[in-house]
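Every value quoted in this text rests on a predicted model; they were computed, and no experiment measured them. Every chain is numbered from 1 and lettered A, B, ... according to where its sequence line falls, protein lines coming before strand lines.
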Amino acid sequence: MDDFASQIYSVVYQIPHGKVATYGDIAQMAGFPRYARQVGKLMASLPKDTQLPWHRVINAKGCISLTGEGLIRQRERLQAEGIEISEAGKLSLRRYRWMHDTDA
DNA sequence: AGCCTGACTCCTA
DNA sequence: CTAGGAGCCAGGC
């Protein structure tokens with residue numbers, strides 16, 4: 001496994017229940033600034049039975065980047081954690097964003 | 001090398 | 001808050 005992938009997985013795995021983080025934040029926390037796109041590509045390659053909380057990863061706009069089935073699945077998972085999210089998959093980033101140093 | 005694509009982000013209007 | 005445009009990185013043709 002690549003070092004990049006290992007670092008990203010490690011960070012995503014640390015996102016607490018009921019919280020979310022953006023691709024950019026994760027990339028930065030993992031030590032790879034500006035690698036948001038690569039994080040997304042990594043998430044897209046995850047096996048469907050992964051234990052990684054990939055559903056807690058969203059974009060900087062505060063909404064799910066997936067479409068169709070993927071959007072539905074992620075939205076359901078987030079709602080299951082007590083997160084208020086719109087039909088389009090948008091949520092209050094101000095309220096649910098995971099700050100590595102301020103929360104957790 | 002050049003061009004296009006994508007679970008991205010920031011700045012400006 | 002919504003749109004448009006440019007910047008960003010890796011991978012495929």
Check: Quick one: what's the B/S/- string for nucleotides 6-13 of chain C, heavy-atom cutoff under 4.0 Å, read 5' to 3'?
Finding: -BBBBS--
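- If you take CG of Asn59(A) and C1' of dA7(B), they are 8 Å apart, rounded to a whole angstrom.
- Each of Arg97(A), Arg95(A), Lys90(A) was evaluated against Leu93(A); a single residue qualifies, Arg97(A), per the side chain to side chain contact (heavy atoms under 4.5 Å, CB included) test.
- A search for ring-ring contact (aromatic ring centres under 6.0 Å, His included) contacts involving Phe4(A) returns Phe32(A), Tyr35(A), not counting sequence neighbours.
- As rounded to whole Å, 18 Å separates atom P of dC8(B) from atom CD of Gln28(A).
- Thr67(A) comes within 4.0 angstrom of nothing in the nucleic acid, heavy atoms only.
- Taking atom C1' in both dA7(B) and dC13(C), one finds a spacing of 23 Å when rounded to whole Å.
- Remark: C1' of dA7(B) and CZ of Arg56(A) are 17 Å apart, rounded to the nearest angstrom.
- Computed from coordinates, the Leu78(A) CG to dA7(B) P distance equals 18 Å when rounded to whole Å.
- Partners of Tyr23(A) according to the ring-ring contact (aromatic ring centres under 6.0 Å, His included) rule, which considers only residues two or more places apart in sequence or in another chain, do not exist here.
- Side-chain N or O atoms of Arg75(A) include one that pairs as donor or acceptor with a backbone N or O of Glu87(A) at under 3.5 Å.
- Here dC8(B) presents its C1' atom at 14 Å from CG of Leu93(A), a figure rounded to the nearest Å.
- One interatomic measurement links the two molecules: CD1 of Ile58(A) to P of dC8(B), which rounds to 12 Å at whole-angstrom precision.
- We find that NZ of Lys61(A) is positioned 8 Å from C1' of dC8(B), with the value rounded to whole Å.
- A donor-acceptor contact closer than 3.5 angstrom is absent between the side chains of Ser6(A) and Asp3(A).
- Using a 4.0 Å heavy-atom criterion, one finds that Ala60(A) contacts the sugar-phosphate atoms exclusively.
- No more than 12 heavy atoms of other residues, nucleotides or ligands lie within 6.0 Å of CD in Gln28(A), so this atom counts as exposed by the packing criterion.
- Residue Thr22(A) places at least one side-chain N or O under 4.0 Å from the OP1 or OP2 atom of dT9(B).
- Remark: C1' of dA7(B) and CG of Leu52(A) are 13 Å apart, rounded to the nearest angstrom.
- Using a 4.0 Å cut-off between charged side-chain N and carboxylate O, Lys19(A) and Glu81(A) make no salt bridge.
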